[in-house]
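Any value given below was found using the heavy atoms of this structure, including those in side chains, with hydrogens, waters and symmetry copies removed. Note that the structure is predicted; figures quoted are calculated from it, not measured.
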Amino acid sequence: MKRKLWQSILLYATVIVACAVVLFPVYWMVVTSLQPPGSLRAYPPHFLPPDPQWQTYIRLFIETDILRWMANSAIVAVAATGISMVAAVLAGYSLSRYQTKSSENVGLFILMSKMLPATMLIIPLFGIMRSLGLMGSLWSLIFAHATAIVPFATWMLKGYFDSIPNELEQAAQVDGCTPWGALFRVILPVAAPGLAATSLYGFVLSWADYLFARTFLANNADSWTVNLGIATFKGEYQTDWNLVMAASLLAALPIMIAYLFLQRFLVGGMTAGAGK
């Protein structure tokens, strides 16, 4: 059915407005990072910096440990996501395929654990990390993030595994695959879109964390993550918002890159994976 002209105009106008609303905060971060300090509170605001201060980014790399902070955040996010995905794949697959009288209750219990606010987990996790001697170590943050990622990732993957027909595994086992072989050779390739979406969720959750990092890493500046480091830019009497916005923009780049890398998996359908 051919779309009418006014429908096309309305569709494209809606897309343009939506994109403008979504991208404007990023644009304003760029503008603020390049504004001269005296123009930040100007009214009306400058939507284009009159004198771009590119040296703000040079100062960011010279005067701060932004690269170390980003490296720490990357290590934590990748490790926490990897550990969580291994646990979530096995748990979600087990809950999906091996149905028992209590499996549904176990699934609901796992989901309910995700509903607990992070502030309730801080005190017991703090005691555990201190007793293990992990305070100030990146491992404390990795394990803490894994506890937050695993419940929701398990529930997401269980729902995705439920949508995959059992006949695929049965056919693989007829061809000689073991149950483990059917999982890794057939089910996981078919579930690639779900795995990608869940991994991206875990990565973003870990990368954006501040509460756990502030609790477990405050006493070791060498282990600070990027969010914890940026928080130190706020002064008692004055804050260099140019530097804050430049660092925030740099901290947002890995999320954008991760999304672009996983986009082809996110938009892929289950049927396309099964056809492979």
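- In this structure, Trp69 and Asn227 have side chains that are not in contact, with every pair of non-hydrogen atoms separated by 4.5 Å or more.
- Residue pairs meeting the side-chain hydrogen bond (donor to acceptor under 3.5 Å, both in side chains) criterion with at least one member in residues 134-150, sequence neighbours excluded: His145-Ser206, His145-Asp209.
- Not counting sequence neighbours, Glu167 has no partner by the salt bridge (Lys or Arg N to Asp or Glu O under 4.0 Å) test.
- Under the side chain to side chain donor-acceptor pair (under 3.5 Å) criterion, Ser199 pairs with no residue at all, not counting sequence neighbours.
- Remark: Ala172 engages Cys177, Ala182, Val186 in a side-chain contact (heavy atoms from CB on, under 4.5 Å) (not counting sequence neighbours).
- Evaluation of the ring pair (Phe, Tyr, Trp, His ring centres under 6.0 Å) rule for Phe152 yields Tyr201 as partners, not counting sequence neighbours.
- Counting only residues at least two apart or on different chains, the side-chain hydrogen bond (donor to acceptor under 3.5 Å, both in side chains) pairs with a member in residues 75-93 are Tyr93-Glu169.
- Residues Leu34 and Tyr57 form a side-chain contact, since some pair of their non-hydrogen atoms from C-beta on lies under 4.5 Å apart.
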Could you give the side-chain donor-acceptor pairs of residues 241-255 under 3.5 Å, partners two or more places apart or in another chain?
residue, atom, partner, partner atom, Å
Asn242, ND2, Gln35, O, 2.2
Ser248, OG, Val244, O, 2.7

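- A donor-acceptor pair is defined here as one N or O able to donate and one able to accept, closer than 3.5 Å; no such pair exists between the side chain of Thr64 and the backbone of Phe61.
- Residue pairs meeting the ring-ring contact (aromatic ring centres under 6.0 Å, His included) criterion with at least one member in residues 173-198, sequence neighbours excluded: Trp180-Phe184.
- Atom CZ of Arg59 has more than 12 heavy atoms from other residues, nucleotides or ligands within 6.0 Å.
- For Asp162, the salt bridge (Lys or Arg N to Asp or Glu O under 4.0 Å) partners two or more places apart in sequence, or in a different chain, are Lys158.
- Annotation for Leu48: hydrophobic cluster partners, listed by chain and number, are Phe24, Tyr27, Trp28, Val31, Phe47 (ILVMFWY side-chain heavy atoms under 4.5 Å, direct or chained).
- Under the 4.5 angstrom side-chain criterion for Ile, Leu, Val, Met, Phe, Trp and Tyr, the cluster partners of Ile58 are Ile62.
- Applying the side-chain hydrogen bond (donor to acceptor under 3.5 Å, both in side chains) definition to pairs two or more places apart or across chains, those involving residues 210-224 are Arg68-Asp222, Asn220-Ser223.
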